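Presented below is the structure to which this report refers.
Remember, it's a predicted structure, so these values are computed and weren't measured experimentally. When a ligand or atom number is given, it counts from 1 through the structure's own listing order.
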Amino acid sequence: MSALFYPMTPQLPTKWLLSSEFMEKLMSQIISMAKRRGFVFQGSEIYGGLANSYDYGPLGVELLNNIKNMWWKHFVNDREDIYGLDSSIIMSSKVWQASGHTASFTDVLVDCKKCQARTRADHLIENHFAKKGKERKIEGFSLEEIESIINKEKIPCPNCQDFKWTRPRKFNLLFETHIGIVPEKKSLAYLRGEIAQGMFVNFKNVLDSVSPDLPFGLAQSGVAFRNEITLGNFIFRTLQFNLSEFEYFFNPQKQKWQDLFNYWKEEIWVWTTKVLGIKEKKLRWRPHTNEERSHYSERTEDLEYDFPFGSFKELYGLAYRTDFDLKNHMEKSGVDLRYTDKETGEKFIPHVVEPTFGIDRSFLVALLDSYSEEQVKKEKRIVLKLKPVLAPYKVAVFPLLANKPELVKKARQVYETLQKEFPTAWDDRGNIGKRYYSQDEIGTPICITCDFESLKNNDLTIRERDSMKQIRVKISELKPAIKNILSGENLSKLGKVIT
Ligand code: GAP
């Protein structure tokens with residue numbers, strides 16, 4: 001083996017292990033990898049954990065920020081018609097009364113009288129039917145109808161398997177908080193249940209300050225809070241979650257909502273498949289039934305992903321909210337929220353189409369969709385085949401041997417130069433093969449090794465994650481070569497491939 005050939009270069013084609021057994025284990029593999037490698041930790045873990053809350057670790061926060069920043073660039077910075085906002089998380093209770101959330105933002109729950117497990121009745125019923133290979137949605141059903149299905153099907157508690165449910169009852173998802181320090185004078189407020197209301201309550205401020213022409217969008221990224229009752233599924237459904245959404249305001253006399261709805265449906269698809277790189281075959285659109293649609297919507301469709309737990313579930317949403325929100329805020333606040341047509345002077349309340357993107361679900365889908373296990377010779381290789389733009393580190397730099405100071409010195413110089421331009425990892429632990437595999441598992445697209453030839457020739461080995469192919473590149477040409485590989489250039493166009 002030449003000095004330029006490092007272990008783990010495959011001699012045989014790799015074999016995919018995407019069996020149904022693999023799919024069943026996928027979620028637990030992802031959860032364990034996410035903790036082991038510093039993507040996601042259980043919230044408040046040292047105190048036994050807080051249910052449905054998670055913290056992002058050193059690698060997780062990079063991936064999360066990459067998704068958020070890409071979203072902002074794609075939908076706000078790269079467009080002329082969408083403006084950004086950053087509104088407060090704590091909002092007046094009057095906002096949520098006017099928006100209808102205090103009355104209608106509810107789910108139905110049941111408690112197990114034996115083990116005290118609390119669960120959402122719709123999830124209990126849906127999961128029960130999913131196990132039988134059937135799809136059943138019960139949103140919008142009355143409490144009596146829900147109770148009758150649970151009893152007819154004799155659905156057991158998923159926790160203790162007993163059948164001793166309380167009667168179904170409604171609970172509100174809004175997170176209450178209190179403002180003030182004197183107990184008798186505390187006033188009720190809510191942590192925002194959706195970030196959309198920040199756009200509606202600031203509508204007039206935006207008209208007065210930047211005077212946009214219709215149609216235009218108001219976008220926001222931030223955290224929302226919901227008092228969710230759920231039985232796990234990792235970061236899919238949490239108490240606090242990252243949400244990015246925009247309200248696209250338009251004049252209903254000049255544009256048909258159906259046209260805008262279809263336009264944004266297409267754009268959501270482009271974002272998901274082209275920008276995030278999620279596999280098309282794992283996605284589907286599903287229109288909401290009349291019963292399940294939110295109180296503010298006249299049409300809603302969910303973009304669903306085929307999650308390894310319970311099949312297709314909501315990833316993103318698209319809703320035609322009509323003029324429901326602006327009209328209600330105008331009535332309740334007494335402030336004129338109408339838009340004045342700049343040509344005719346006509347005043348009217350714009351209508352809204354709202355694309356909404358759960359960022360934690362995007363994170364989960366990015367991991368699920370890119371996770372793969374390959375057999376290379378006799379070893380299992382775990383690879384996160386993330387699009388380079390999503391990867392926490394773009395490059396990793398190693399000295400071939402950690403106990404040779406001249407190699408370490410040269411490799412450090414390369415690392416320090418690259419670090420200023422790309423998120424770069426340094427690793428000098430274990431052998432070179434282990435370091436490659438370690439970077440593959442966290443999705444680093446490029447590994448660079450400094451060896452004895454580098455000292456003589458001022459060149460390095462670049463190894464590409466997915467193909468595991470390697471080329472030699474002069475240090476002076478390293479940065480453009482990295483940029484080319486990250487933008488999808490074939491390695492063979494940049495140098496002689498060492499196989
Ligand atoms: N403004 C519209 C709105 O909030 P939604 O369907 O209730 O719509 C938007 O939520 C997105 O937020 C969903 O498509 C989903 O991706 C994500 N989401 C909702 N509840 C969540 C939760 N408890 N944990 C994590 N993500 C959640």
Side-chain angles (χ1 to χ4, degrees), residues 40 43 50-56 64 67-68 71 85 87 89 91 95-96 99-101 104-107 109 120 122-123 137 139 171-175 190-201 217-248 264-265 268 271-272 276 278 283-288 292-305 307 309 312-322 324-326 352-366 368:
V40 183
L50 177 67
N52 304 318
S53 76
Y54 290 90
D55 298 338
Y56 287 93
L64 191 77
I67 297 172
K68 284 190 211 168
W71 187 90
L85 263 188
S87 71
I89 287 170
M91 299 181 88
V95 172
W96 303 104
S99 70
H101 282 76
S104 307
F105 198 43
T106 53
D107 279 330
L109 67 78
R120 264 175 65 171
D122 57 341
H123 291 170
K137 294 270 170 218
E139 283 177 62
F171 72 97
N172 194 287
L173 290 166
L174 284 177
F175 246 97
Y190 294 102
L191 303 184
R192 60 188 177 191
E194 61 166 1
I195 57 175
Q197 293 307 321
M199 273 75 102
F200 297 122
V201 300
L218 283 182
Q220 197 168 183
S221 269
V223 281
F225 299 82
R226 292 181 192 175
N227 236 326
E228 298 277 9
I229 306 293
T230 159
L231 292 170
N233 291 338
F234 197 37
I235 54 171
F236 180 79
R237 196 178 299 282
T238 48
L239 300 176
Q240 171 186 327
F241 58 98
N242 294 278
L243 192 53
S244 293
E245 57 189 10
F246 51 89
E247 308 307 315
Y248 201 75
W264 284 115
K265 206 170 150 179
I268 293 172
W271 156 260
T272 316
L276 289 184
I278 305 304
L283 297 162
R284 73 169 191 199
W285 280 104
R286 188 185 66 80
H288 278 206
E292 81 180 293
R293 258 199 333 263
S294 299
H295 59 278
Y296 51 68
S297 172
E298 205 158 295
R299 179 169 181 87
T300 298
E301 289 195 36
D302 285 344
L303 181 63
E304 297 186 327
Y305 182 79
F307 286 94
F309 47 91
F312 282 94
K313 292 193 181 297
E314 179 181 359
L315 171 61
Y316 302 142
L318 176 64
Y320 170 42
R321 291 179 80 131
T322 68
F324 178 90
D325 298 88
L326 283 181
V352 151
V353 170
E354 175 198 69
T356 180
F357 304 77
I359 299 299
D360 308 82
R361 287 191 193 175
S362 312
F363 181 106
L364 179 56
V365 164
L368 289 167

Of Gln240, Glu194, Arg361, which has the heavy atom at the shortest distance from atom 1 (N) of ligand 1?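 It is Glu194 that holds the nearest heavy atom.
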Shortest reach to atom 6 (O) of ligand 1 by a heavy atom, considering only Glu354, His288, Glu314: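 Minimum heavy-atom distance to atom 6 (O) of ligand 1 goes to Glu314.
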Could you find the nearest protein heavy atom to [atom] and give me its residue, atom name and distance?
atom                    : result
atom 12 (O) of ligand 1 : Leu243 CD1, 3.2 Å
atom 24 (N) of ligand 1 : Thr238 N, 2.9 Å
atom 17 (C) of ligand 1 : Gly358 CA, 3.8 Å
atom 22 (C) of ligand 1 : Phe241 CD2, 3.4 Å

Part of Arg321 with heavy atoms under 4.0 Å of ligand 1, whether side chain, backbone, both or neither: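 Arg321 to ligand 1: side-chain contact only, backbone stays beyond 4.0 Å.
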Specify side chain, backbone, both or neither for Tyr316, according to which of its non-hydrogen atoms lie closer than 4.0 Å to ligand 1.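 Contact part for Tyr316 vs ligand 1: backbone (N, CA, C, O).
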Out of all atoms in ligand 1, which are within 4.0 Å of some heavy atom of [X]? Include the element for each.
X      : value
Leu315 : 14 (O), 15 (C), 16 (O)
Phe236 : 24 (N), 25 (C), 26 (N)
Glu245 : 1 (N), 2 (C), 3 (C), 4 (O)
Thr356 : 8 (O), 9 (C), 11 (C)
Glu228 : 20 (N), 22 (C), 23 (N)
Arg226 : 3 (C), 4 (O), 5 (P), 7 (O), 10 (O), 19 (C), 20 (N)

Rounded distance (nearest 0.5 Å) linking atom [atom1] of [X] with atom [atom2] of [Y]:
X      : Y      : atom1 : atom2 : answer
Leu318 : Lys265 : CG    : NZ    : 8.0 Å
Asp325 : Glu354 : CG    : CD    : 8.0 Å
Leu303 : Leu283 : CG    : CG    : 5.0 Å

Under the rule for salt bridge (charged side-chain N to carboxylate O under 4.0 Å, His left out), what residues qualify as partners of Arg226, not counting sequence neighbours?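 Result, salt bridge (charged side-chain N to carboxylate O under 4.0 Å, His left out) vs Arg226: none returned.
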Once salt bridge (charged side-chain N to carboxylate O under 4.0 Å, His left out) is applied, do any residues pair with Asp122, and if so which ones, sequence neighbours excluded?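 Salt bridge (charged side-chain N to carboxylate O under 4.0 Å, His left out) list for Asp122, sorted by chain: Arg120.
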Please examine the side chains of [Y] and [X], heavy atoms only from C-beta on, and report whether any two atoms are closer than 4.5 Å.
X      : Y      : result
Pro287 : Arg299 : yes
Phe225 : Ile89  : yes
Phe200 : Val352 : yes

Decide ring pair (Phe, Tyr, Trp, His ring centres under 6.0 Å) for Phe363 and Tyr56; before the verdict, give the C-alpha distance in whole Å, the side-chain angles of both, and the deciding distance to 0.1 Å. CA-CA 11 Å; Phe363 181 106; Tyr56 287 93; 4.9 Å; yes
With a 4.0 Å cut-off on heavy atoms, is Asp360 touching ligand 1?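 No heavy atom of Asp360 comes that close to ligand 1.
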Work out whether the distance between some heavy atom of Tyr296 and some atom of ligand 1 is less than 4.0 Å.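 Tyr296: in contact with ligand 1 (<4.0 Å).
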Do the side chains of Glu194 and Arg321 get close enough for a salt bridge, i.e. N-O under 4.0 angstrom?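 Salt bridge flag = yes for Arg321 with Glu194.
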